[in-house]
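The structure appears below as structure tokens.
Worth knowing before you read on, the calculation uses all heavy atoms, side chains too, and leaves out hydrogens, waters and symmetry mates.
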There are 2 protein chains.
Amino acid sequence: MAKATRGSERREEALSRERIVDAAIELLDDEGENGLTFRALATRLATGPGAIYWHIANKSELLVAASDAVVARALGEVLAFAKPHEEIRRIAVVVFEAIDAHPWVGAQLSVAPWRTAMLQIFERIGRQVQALGVPGGARFTAASALVSYIIGVSVQNAANGRLLDPPVDRADFLETVSAQWKELDAQEYPFTRNVAAQLREHDDRAEFLAGIDLILTGITASR
Amino acid sequence: MAKATRGSERREEALSRERIVDAAIELLDDEGENGLTFRALATRLATGPGAIYWHIANKSELLVAASDAVVARALGEVLAFAKPHEEIRRIAVVVFEAIDAHPWVGAQLSVAPWRTAMLQIFERIGRQVQALGVPGGARFTAASALVSYIIGVSVQNAANGRLLDPPVDRADFLETVSAQWKELDAQEYPFTRNVAAQLREHDDRAEFLAGIDLILTGITASR
DNA sequence: TGGTCTCTGGAACGCCGTTCCAGAGTCCGC
DNA sequence: GCGGACTCTGGAACGGCGTTCCAGAGACCA
């Protein structure tokens, strides 16, 4: 890898793993998950598909690199807070929002877990669980539950946003689903029918944080 | 749809949506997510790809139908229990195991949520949350948190199982990852390094249930 | 018996991830 | 200053995919 030391570049801006990953992120954000193809990426970088394969092994590696970059940037925004409770909530929100802004990251995290992206989240959460005073034997469980919940909800929230092809207004979308829930069979879906109104009014982010608090309460109560 | 009333069949067993979905489930279980192609499915059904399209609109609809069938069968096994706590745990375990046995269901649930499969889980969990005595305004939040956690952990657990192409022994796999964690940078990943041993020994299912209990404790404590 | 409607399945289309490879540009030993 | 080796490029090509098309087989009705 002596490449970086080379003085001059052949192209205006030489192809590099970083430039490819950045272009991939742009493409994914602009065109959605299906928009990322090696041909489209090559066009955007003014080159051919073959050139990309010199820097990246395959599409899966490209997706891992792209999601790692997004998660790392998001976590970088969370500074050390005074109270563990607060920092856990901050990390959760930042991850939630990163996946909301880049829905393809969510899909990627559930396909290829325990790569760098997820490990970073686990580490940050784990330290705060420790700071909360959770005893050694229960830390792994508590941190795992939190991370699973954070990723799980974020992925599903992002999936909801991707549901309809023309990006539809959130309020309209909830209105529609809520109406569908109200039409459900009263025998089969009594509960869902009853909470249909709450679906329309609910705030994903607030609901998400309420879940975090539920888990934190559980962790603290059984400490 | 007067088809079902037709007395005689052209083939030994006529093609039907149900037969196609069953064959798709078999194919997915046998060959993995990438094994389901319309060509392979056509071969298994001794027909051509075009015939399948008469019964199913596209691949996405086929995947939705297949996961709905698997989840419905799994939930069907859970009878009404006396105590809501118990039934919630039973539902959680059954979903966890169904996704573990059919990992492709997990991937599907995070791509297309809020279809029948997820709704069924939500409904069953919601009723028990209500039975727990959670007040009306908090039921939606509690049920959502539980469902998100259940799906989130199950999907990630299933994704772990799919990680390596030749199905590797679970203990070996954990041993390897645990060893990798111990090799992590001490500055960057102190927590993860510390719990590496717990990763090796932990039981996914038990950990999953511990998380459920954590949330249930939280729900009960803040009731 | 002829027409219509349901259903079949093979052929073909366009796009994808990936591989191949001729060659352009750069560096290094002599 | 020159020749070979090595890095990197990008267009062409391959096999496989989801999907569409359509000629026609079989069952039903007038």
- Query: Is it the case that A/Thr192 and B/Glu123 place a side-chain donor and acceptor less than 3.5 Å from each other?
  - Reply: yes
Check the distance between [N]'s [atom2] and [X]'s [atom1] and give it to me in whole angstrom.
X	N	atom1	atom2	answer
A/Ile52	D/dT9	CD1	C1'	11 Å
A/Glu61	C/dG17	CD	P	15 Å
B/Glu33	D/dC17	CD	P	15 Å
A/Leu15	C/dA24	CG	P	19 Å
B/Leu27	D/dG18	CG	P	10 Å
A/Leu63	C/dG17	CG	C1'	12 Å
A/Lys59	D/dC17	NZ	C1'	13 Å
A/Tyr53	C/dT19	OH	P	7 Å

- Query: Checking A/Arg124 side chain against A/Val78 main chain: does a donor-acceptor pair fall under 3.5 Å?
  - Reply: yes
- Item | Side-chain donor/acceptor of A/Asp100 to backbone N/O of A/Ala158, under 3.5 Å | no
Quick one: are [X] and [Y] in side-chain contact, heavy atoms under 4.5 Å?
X	Y	result
A/Leu41	A/Thr37	no
B/Glu175	B/Arg200	yes
B/Leu45	B/Arg19	yes

- Message: Under 4.0 Å, heavy atoms only, any strand: does A/Leu62 hit a base, just the sugar-phosphate, or nothing?
- Response: nothing
- With respect to the phosphate group of C/dT6, does any side-chain polar atom (N or O) of B/His55 fall under 4.0 Å of OP1 or OP2? no
- Considering only C/dC7, D/dT9, C/dT18, which nucleotide approaches the side chain of B/Trp54 most closely? C/dC7
Give each protein N/O atom lying under 3.5 Å from an N/O atom of nucleotides 10-15 of chain C, with the pair distance.
residue: C/dG10; atom: O6; partner: B/Gly50; partner atom: N; Å: 3.4

- Closest approach of A/Ala92 and A/Ile212, non-hydrogen atoms and distance? CB-CD1, 3.8 Å
